[in-house]
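Below is one structure; the comments refer to it alone.
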Amino acid sequence: MNIASELNGPQLKAVKTLEGPVLIIAGAGSGKTRVITYRIAHMLEKGIPQSAILALTFTNKAAREMWDRVRELTGKKLQSLTVSTFHAFGLKVLRDEAELAGLRKNFSVYDESDRLALIKESLRDCHMASEGADPYVLGQLFSNIKIGRYQWGNVNDSARAIVDSHWEPVYREYQQGLRIFNAVDFDDLLVLPIELFEKHTDVLEKYRHRYRYIMVDEFQDTSLIQYNLMKLLADKSICRNDEDISAKASPQGKPNICVVGDDDQSIYSWRGANYENLMRFEKDFPGTEEIKLEQNYRSTTTILEAANGVISNNTNRKEKTLWSGNGGGKPIEFFQPENESDEADFITGRIRALKIQEGLKYHDFGVLLRTNSLTRNIEEAFLAADIPYRVSGGTSFFGRMEIKDILSYLRLIANHDDDVNLLRIINTPRRGIGKNTIVHLSELAKKNHSSLWDAMSRIRYAGLAGEGQTALFQDKGQSKDRIGVTDIDDFMNQIEFFREEILGRKSTNGVRWSLSEKVRSLVDSIDYWSYLVAENSKNEKLARWKFGNIDYLIKMLEHWERDPDNLDNGLFAYLNRVSLITRDDGEDDNNGKVNLMTIHASKGLEFPIVFIAGAEEGLLPHARSLEEDDESGGNIEEERRLFYVAITRARDKLYITSCLKRRKLQNTVDCAPSPFLTEIPPHLIQQYEEEEENETDAAEDFFAKMREKFR
């Protein structure tokens with residue numbers, strides 16, 4: 001591997017500086033990931049074991065890309081190299097050390113909807129549901145408590161905000177709920193490994209001894225807790241009792257830690273990202289070597305100059321001279337649709353046309369939004385056009401709580417032994433099967449090495465046989481009523497009925513119902529509407545919106561059933577299709593999926609074609625950020641950095657849309673373009689004009705060129 005011919009001077013220096021602490025200041029598209037991957041490859045070439053290297057980044061896609069590049073560079077099977085996100089690394093530690101962390105091996109990781117559901121249940125258990133607390137706001141509070149940014153009560157600690165302990169009982173109930181359900185939330189993936197390392201120093205030493213070379217990408221976005229996890233691992237990484245000189249820490253006894261960061265891309269202050277980690281790093285790791293990367297390899301000159309024009313308006317930044325050798329490139333195109341529906345149609349139409357005209361794949365497109373509340377219209381347009389997509393940084397249609405609930409019913413109907421989906425809906429809607437019953441079910445299933453459904457069957461048959469205080473729970477002294485035998489029986493009867501109804505293909509009065517009609521009957525049978533109303537008692541409009549999502553799911557199912565190309569319209573085929581739509585495996589076929597995401601989620605990624613949707617005043621910059629802006633203008637500068645990040649995700653072509661009108665709640669309001677658009681040099685941006693030819697003409701032209709090519 002001739003790295004000298006593949007890298008510029010500063011990159012080569014960063015790759016070859018393996019010993020001691022290194023801080024790389026890198027501009028957008030200047031090869032941060034490239035430097036890290038070549039650095040790993042160079043380490044392996046020098047004989048450093050794969051198992052001694054830990055590379056941390058912020059997105060799964062960036063981690064996969066880093067992994068693939070190292071494999072291509074080295075030609076090695078990377079069986080023991082660790083390249084992951086911070087949270088994935090924390091999950092790996094917890095999987096390996098589950099018992100020491102107080103977990104069972106098969107613990108679940110709760111997503112946002114699962115977490116909110118548990119918070120609501122905790123409020124009810126504490127008899128505080130009537131106080132009207134917003135579960136999302138409460139979740140943010142609990143997160144800050146858990147990671148140490150906030151603290152309950154009147155404690156004199158200037159490093160942490162003090163919050164009223166009124167909600168502390170709910171937090172304790174929430175934590176107890178996680179333990180009962182053998183689950184962790186997203187914050188636990190960082191908090192629990194740190195607690196584990198601090199409590200069990202022998203475990204910490206094991207990981208320090210293993211990971212002697214640590215690298216962190218996007219360092220400016222690390223939170224204090226992420227910094228502390230990194231520091232715990234790196235602080236005493238000197239190898240002991242190891243004769244392999246190439247695998248030891250630096251001869252000077254300094255830890256081999258390399259971090260890469262760019263202050264112009266610091267956009268996560270709302271989740272605890274701390275730009276001061278750059279200064280903290282230099283203080284905690286004396287003798288740090290600083291290297292600057294300033295050549296941009298990603299974008300055309302047009303895109304880079306536009307980004308530079310915007311970010312130069314920030315004052316709290318380190319000066320950088322970024323430049324590109326990629327040429328001028330296509331102008332940025334600006335389009336003003338009438339409303340959000342027209343905006344979604346425009347984006348969908350351009351993707352379909354460009355895919356045909358330029359031979360692109362779906363994964364070549366990135367659609368970026370300031371907030372995830374803007375995704376629905378675009379999702380609906382994609383679904384109607386049969387364009388595969390994935391949602392990042394927000395909740396996709398199939399990831400919404402109400403949709404997951406109905407799909408869990410269908411998955412349990414298809415497979416009674418599906419413990420994960422059973423636990424999700426065993427008390428949704430509430431039917432009297434509480435935490436104590438679930439604890440007993442889990443104990444019985446564990447004792448008999450069986451599924452939870454089997455445990456429920458044992459309880460049902462023993463209880464209905466009139467055994468009262470059954471042998472199943474003699475040691476607990478639980479009575480038939482206490483373990484909810486009747487509720488369990490009702491629940492199982494309902495699932496069994498719909499299994500026969502759906503899989504047995506019954507007819508009613510000689511009329512055979514479709515799968516979509518049976519699913520609608522299931523939704524009515526469990527009275528999901530009343531459940532939504534009760535869960536959103538102070539916001540019936542939200543309940544109607546959620547129920548509308550279920551109606552949309554059933555209509556999608558109906559459309560799928562009626563597709564003449566669909567040779568199997570049964571339940572199993574449908575669930576398999578949903579799994580293919582919702583799985584995030586990078587590619588579902590050679591065309592991949594369009595990337596629909598918030599700007600925050602796009603960090604570290606790049607796409608040949610990028611759409612920035614909703615570039616309107618009040619959205620970008622966001623009105624809430626302007627309301628909360630401080631005297632130094634920190635929030636407006638972070639909003640500008642967001643726009644800068646969005647622009648620099650584009651490699652070849654950038655579209656920006658700004659609606660003339662947009663629906664907000666129940667009103668339609670006039671919109672103005674984002675003021676950041678005026679900071680783009682005028683000669684770089686032009687108004688989009690509709691093409692005269694339609695998609696059919698474009699397709700015919702494409703195939704005509706193909707025929708000409710092969711004559």
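Along the sequence shown, residues are numbered consecutively beginning with 1.
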Legend entry - Leu138 and Tyr174, any side-chain heavy atoms less than 4.5 Å apart: no
Legend entry - Pairing of Glu6 and Arg34 as salt bridge, 4.0 angstrom limit: yes
Legend entry - Between CZ on residue Phe611 and CG on residue Asn595, distance to nearest 0.5 Å: 12.5 Å
Legend entry - Check against ring-ring contact (aromatic ring centres under 6.0 Å, His included), Tyr211 and Phe89: CA-CA 12 Å; Tyr211 297 115; Phe89 174 72; 5.7 Å; yes
Legend entry - Asn296 side chain to Ala28 backbone, donor-acceptor under 3.5 Å: yes
Legend entry - Crowding at NZ, Lys206 (>12 non-hydrogen neighbours, <6.0 Å): yes
Legend entry - Heavy-atom closest contact (Lys32 atom, Ala26 atom, distance): CG-CB, 3.3 Å
Inset, instruction - Work out which heavy atom in Met66 is nearest to a heavy atom in Thr37; give both atom names and the distance. - result: CG-CG2, 3.3 Å
Legend entry - Non-hydrogen atoms of Ile680 and Ala306 that approach each other most closely: CG2-CB, 3.8 Å
Inset, instruction - Could you tell me whether the side chain of Ser602 and the main chain of Ile599 form a donor-acceptor pair under 3.5 Å? - result: yes
Inset, instruction - Give the intermediate values and the outcome of side chain to side chain donor-acceptor pair (under 3.5 Å) for residues Glu45 and Thr74. - result: CA-CA 8 Å; Glu45 189 178 62; Thr74 63; over 6 Å; no
Inset, instruction - Using the ring of Phe186 (Phe, Tyr or Trp, six-membered ring only), decide whether Arg115 places NZ or CZ under 6.0 Å from its centre and within 45 degrees of its axis. - result: no
Inset, instruction - Check step by step if salt bridge (Lys or Arg N to Asp or Glu O under 4.0 Å) holds for Arg640 and Glu637. - result: CA-CA 5 Å; Arg640 186 177 283 110; Glu637 293 212 344; 5.1 Å; no
Inset, instruction - Please lay out, stage by stage, how Asn314 and Tyr644 fare under the test side chain to side chain donor-acceptor pair (under 3.5 Å). - result: CA-CA 11 Å; Asn314 274 3; Tyr644 171 81; over 6 Å; no
Legend entry - pair Asp96-Lys92: side-chain heavy atoms closer than 4.5 Å: yes
Inset, instruction - Could you tell me whether a side-chain N or O of Gln50 sits under 3.5 Å from a main-chain N or O of Leu44, the two making a donor and an acceptor? - result: no
Legend entry - Backbone N/O of Gly328 and side chain of Thr302: donor-acceptor pair under 3.5 Å: yes
Inset, instruction - Take Ser266 and Asp221 through the side chain to side chain contact (heavy atoms under 4.5 Å, CB included) test and state the conclusion after the steps. - result: CA-CA 6 Å; Ser266 180; Asp221 288 330; 4.3 Å; yes
Inset, instruction - Please confirm whether the backbone N or O of Leu620 pairs with a side-chain atom of Ser674, one donor and one acceptor, at under 3.5 Å? - result: yes
Inset, instruction - Calculate, to the nearest 0.5 Å, the distance between atoms CG and CD belonging to Asn372 and Glu112 respectively. - result: 9.5 Å
Inset, instruction - Begin from the C-alpha positions of Ile24 and Leu293 and carry the test side chain to side chain contact (heavy atoms under 4.5 Å, CB included) through to its verdict. - result: CA-CA 7 Å; Ile24 301 174; Leu293 306 179; 3.7 Å; yes
Inset, instruction - May I ask you to say whether Lys146 pairs ionically with Asp185, meaning some side-chain N is under 4.0 Å from a carboxylate O? - result: yes
Inset, instruction - Rounded to the nearest 0.5 Å, what's the gap from CD on Gln265 to NZ on Lys603? Could you check? - result: 4.5 Å
Legend entry - Taking every non-hydrogen atom, the tightest pair across Leu94 and Ala101: CD2-CB, 3.8 Å
Legend entry - Ser299 side-chain N/O to Ala650 backbone N/O, donor-acceptor pair under 3.5 Å: yes
Legend entry - Side chain Ser658, main chain Ala615, donor-acceptor under 3.5 Å: yes
Legend entry - Donor-acceptor contact below 3.5 Å, side chain Gln11 vs main chain Ser30: yes
Legend entry - N/O donor-acceptor pair under 3.5 Å between Ser312 side chain and Asn308 backbone: yes
Legend entry - Residue pair Phe219 / Leu278, side-chain heavy-atom distance below 4.5 Å: yes
Inset, instruction - Would you check if the side chain of His600 reaches a backbone N or O of Ile267 as a donor-acceptor pair within less than 3.5 Å? - result: yes
Legend entry - Separation between CZ of Arg298 and CG of Leu304, rounded to the nearest 0.5 Å: 10.0 Å
Legend entry - Leu229 side chain reached by Phe197 side chain, heavy atoms, under 4.5 Å: yes
Legend entry - From CA spacing to verdict: side chain to side chain donor-acceptor pair (under 3.5 Å), Glu638, Ser269: CA-CA 8 Å; Glu638 180 155 329; Ser269 64; 2.8 Å; yes
Legend entry - Check: Tyr268/Glu218 side-chain N/O donor and acceptor closer than 3.5 Å: no
Inset, instruction - Measure the shortest side-chain to side-chain distance between Asn228 and Leu232 over non-hydrogen atoms and say whether it is less than 4.5 angstrom. - result: no
Legend entry - salt_bridge(Arg280, Asp284) N-O dist < 4.0 Å: no
Legend entry - Test item: Leu368 and Met597 side chains (from C-beta on) under 4.5 Å apart, heavy atoms: yes
Inset, instruction - Indicate yes or no: at least one non-hydrogen side-chain atom of Ile612 is less than 4.5 angstrom from one of Phe643. - result: yes
Inset, instruction - Side-chain contact test, heavy atoms from C-beta onward, threshold under 4.5 Å: evaluate it for Arg651 versus Phe607 and give yes or no. - result: no
Inset, instruction - Of all the heavy-atom pairs spanning Pro193 and Leu189, show the shortest one and how long it is. - result: CG-O, 3.1 Å
Legend entry - Which atom of Phe334 lies closest to which atom of Leu677, heavy atoms considered: CE1-CD1, 3.6 Å
Inset, instruction - Quickly, which of Ile291, Val216, Val35, Ile36 forms a side chain to side chain contact (heavy atoms under 4.5 Å, CB included) with Val260? Name it, please. - result: Ile36
Legend entry - From Thr85 atom OG1 to Gln226 atom CD, the distance as rounded to the nearest 0.5 Å: 9.0 Å
Legend entry - Inter-residue atom distance Leu192.CG - Asp188.CG, 0.5 Å rounding: 4.0 Å
